[in-house]
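Below: the structure, in structure tokens.
Below, chain A is the first sequence line, B the second, and so on; all start at residue 1. The figures that follow rest on heavy atoms only: side chains count, while hydrogens, waters and symmetry mates do not.
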Amino acid sequence: MKEIAERALNAAQLQGATYADIRIVHQQTQSILVKNGHVEGLSHDENQGFGVRVIVNGAWGFASSSLLSLDEAARVAAQAAQIARASSLAKARDVYLGPSEVHVARYETPVQVDPFSIPLEEKIALLLAADEEMRRAKGIAVTESNMAFLRENKVFASSEGSYIEQILIESGAGIEATAVGANEMQTRSFPNSFGRQQKKAGYEFIRELNLVENGQRIAEEAVALLSAPQCPSGITTVILDSTQLALQIHESCGHPSELDRVFGEEASYAGTSFLTLDKLGSFRYGSPIVNIYADATIPSALGTFGYDDEGVPAQRSPIVKEGIFVGYLTSRETAAMLGQRSNGTMRADGWNRIPLIRMTNINLEPGTWELEDLLADTEDGIYMAVNKSWSIDDKRLNFQFGTQLAYEIKKGKLGQMLKNATYTGITPEFWRSCDAICNEKYWQIWGLPNCGKGEPAQVAHVAHGAAPARFRHVRVGIV
Amino acid sequence: MLGPERMKRIAQRVLAYSIAEQTEVLLFSEETYLTRFANSHIHQNVAERNVRVHVRAVLGKKVGVASGNDFSEFALDRVTEKAVEIALLQPENPDFHSLPSPKPIPAVNAFVQATAEFTPEQRAKAVAAICQLSKENGLVASGAFTTASSEIAVSNSLGVFAYAPSTVADLTTVIMSDDSSGYAGATSLDVREINAEQIGREAVDKALRSRNPHAIEPGEYTVILEEYAVAEMLSYLSYLGFSALAVQEGRSFMANKFGQRITGYNISIWDDGLDGSGLPMPFDFEGVPKQRVDLIADGVAKAVVYDSYTANKEGKESTGHALPAPNPYGPLPGHLFMKAGTDSKAQMLASVEQGLWVTRFHYVNPVHPLKTILTGMTRNGTFWIEHGEIKGATKNLRFTQNILEALSNVRMISAETKLRSGFYGGVRVPALCIERFSFTGVTEF
């Protein structure tokens, strides 16, 4: 790997690059899908290649190839330089990366049990057992259970002298049951939506999930939802569970705090951001109890790593402090534009993609409430759990979410189950209406393995930690 | 480009090496280039060369899939062994019958040399033209220009061998001022049909006309949806219900509705992978030739698409709509068409007493799949129409709308259609004028 890296970096510099880096990536994935009692999908994938990023004439160029050879390294580096020269035909200013980042290091996800060492039979047996439990529920139409494992070996080298090796390991699993009635369909999943809960962890995490133990309950909830009353429409108090809150944080805090969006670099696709530069340090994003931070160092969280794909160390940095917006997610280039150093969020979803600013683990700090006390303190409202649908505008202001499960709250107690619950709002109004957050006992971190951004499309693995929280005057029941 | 002979040799090696009862080899090769611009300059410019091999091994009713992106002989042997090993380890799937048998593959010409040979400099010049137009009008340009060439080959041990090269070019732009934006884009097999200046002018015009937007109340309005918005809506509708698997599982709006009217009589939607006015592809990822499938004809639910797995379950023939294995989503239509009407967009506009002109949607997602309720925002050019004229820009709105209901309220359809990139191929659609389209929220811009 070192030889390929050196060849590419040398070739890039010979072609006039003032900066070059290379990422050589090998990804191994295993996925298993059990559906309706049968193994529907069982696959193994290996994907390798390298991408060379260069600055020539003050402009970026990037080229990549799946062929790992010295000659190809030189060809791709030269191609990246040619592309950069073409980019410089339409540049506004020279790229400036700020101070050098030089690190020679090795990082490996700490795991107890290598997920690839577990026999497939054991994994299949667990999924089949969970599937069987779900199918105990009368009236269930479709059941699915799945596992996914990833091992990513990455080498990053730069013309500044960095050489970083990382081995990142992920394990995830989940179950889902769908009930179908007359013009009605309801799905429940466990422990989260988006297919599964996923972490930077080994197989020990799968064993802790208790998929089998929760199978029948989940399926019965899906069936019960078919005949549950529709979520009413109106303005009310909402308590969100931590899985739904995770997506709320993702869409309405994580994305708008990405500094490349603020600078308009995602304008044509993912959109820009309402968190414009004038708001830094003074904008009231939420109520004084709202504290949100990025932290790529949390053990086993999906957005955890050693170094980002610019070779910047993983770190923790505040985004919202006591309700005030205080910080962006940055790259070397965008941080330099603010006179800052990168807080290490540049990541690419493979060797063939250029790094972009991506969320790491964006978390809402826990508050002080016991969930029982929070419910008791709520006269009238709706408790919503586990995301079903999501949509937000291109500046991340107007959002609408639907949840799989909801219960009415009456006189401080959970009442009947409600189906098709939705809520909508405008980001800062919503976060300013947050008046209670549960304590750390209820705080959980949820992996989102499907965060999309960029052209060509890239999928990032990120995570969000939250405890249930209460929001006042929320519009619900939009269908 | 590897070419058909080299791809055939690679496939034959895998088939010869495999000890499975049936084996399928799916090969991809692609070269993709993308120039991305923002703030009226190029900020990302990338190239990718990649190959993929997927091996599906079948032992009785046990199926395993392994894949990789290394075409060396050692790696091909390893991926084949892995597919067999995976198949052996799993329980039988009684619903699996067989890989498909060979059928004649129709000829389709989807490869344009000019697209394959397009250079970064040519892309940069096109981008520079859009940026220049923006600057001349005091606006800021962003967007992306993609040119790509690819080859797909499918071979199996029952005698299937299908090979198809193709190209695609796609240019989109968003032009912005501090309080407005405009969008335009074009997709084609042939990059010479992408007129950057024309695209730039369309988006600049929208950005200029959408300044000083006013908020309007949520509610039901007559809308003119441009082709960009219609394509997005149709792609989601297709994803929700035009698959045989979704019907078999009871989660499709088409289930129990065949032969019944589900939209207005003026709506016809079909899938045709062989139509050269789309992004054609002569076969699916199992090597089955594509058939035209009329999904909704004159408002009546007619059919859905099949792959070999879902077809076998019903004793039918695959329509050639398989995705790469393993595939939990089932078959999908990738070459959608909606029947054009007879009107122009100007005639539609003249007919609207009060309503909204919508350029495109943003972040569309299903709220209730079975009822085809989608939500999303308008974006990059939303205008208020009064007495048949555009009277000014509006702030963006959120729609939450039953799509089949919307397609039952279409009162005018444009004669011209536009090709857009879809989930797995192309979508060619007209613009629509729809009554009582439901908006449930507004935003601040």
B/L370, part contacting chain A, at a heavy-atom distance under 4.5 Å: both

Chain A contact via B/N327 - side chain, backbone, both or neither, heavy atoms under 4.5 Å: neither

Proximity breakdown for B/R52 and chain A, heavy-atom pairs closer than 4.5 Å: side chain

Is chain A contacted by the side chain of B/E85, its backbone, both, or neither, given a heavy-atom distance below 4.5 Å? neither

Please classify the contact of B/F96 with chain A as side chain, backbone, both or neither, using a heavy-atom distance under 4.5 Å. neither

Within the distance-only criterion (no hydrogens, no angle test), does the side chain of A/Q82 pair as donor or acceptor with the backbone N or O of B/E121 below 3.5 angstrom? no

Can a donor-acceptor pair be found between the side chains of B/N45 and A/S87 at a distance below 3.5 Å? yes

Would B/E48 and A/R353 pass as an ion pair if we require N to O under 4.0 Å? yes

At a heavy-atom separation under 4.5 Å, does B/H368 approach chain A through its side chain, its backbone, both, or neither? side chain

Checking heavy atoms, do the side chain of A/N36, its backbone, both or neither come under 4.5 Å from chain B? side chain

Which atoms of B/P328 come close to chain A, meaning under 4.5 Å heavy atom to heavy atom: side chain ones, backbone ones, both, or neither? both

Where does A/E144 contact chain B at under 4.5 Å (heavy atoms): side chain, backbone, both or neither? neither

Can you say whether A/I83 sits under 4.5 Å from chain B via the side chain, the backbone, both, or neither, judging by heavy atoms? both

Counting distance only, does the side-chain N/O of B/N39 pair as donor-acceptor with the main-chain N or O of A/F263 below 3.5 Å? yes

Check whether any side-chain heavy atom of A/Q48 sits under 4.5 Å from a side-chain heavy atom of B/D70, and report yes or no. yes

Short side-chain to backbone donor-acceptor contact, B/R49 and A/S64, under 3.5 Å: no

Tell me if a side-chain donor or acceptor on A/S391 pairs with a main-chain N or O of B/Y363 at a distance below 3.5 Å. yes

Partner chain A: residue of B/I86, B/N256, B/V174 with the largest heavy-atom pair count (under 4.5 Å): B/I86

Whatever's closer than 4.5 Å to a heavy atom in chain B on A/V39 counts as both

Going by an N to O cut-off under 4.0 Å, is there a salt bridge joining B/K395 and A/D393? no

Chain B heavy atoms under 4.5 Å from A/R475: which part of the residue, side chain, backbone, both or neither? side chain

Between A/L356 and chain B, with a heavy-atom cut-off of 4.5 Å, which part of the residue counts as in contact: side chain, backbone, both or neither? side chain

Side chain / backbone / both / neither for A/A270 at chain B, heavy atoms under 4.5 Å: backbone

Please flag which part of B/V53 lies under 4.5 Å from any non-hydrogen atom of chain A: side chain, backbone, both or neither. neither

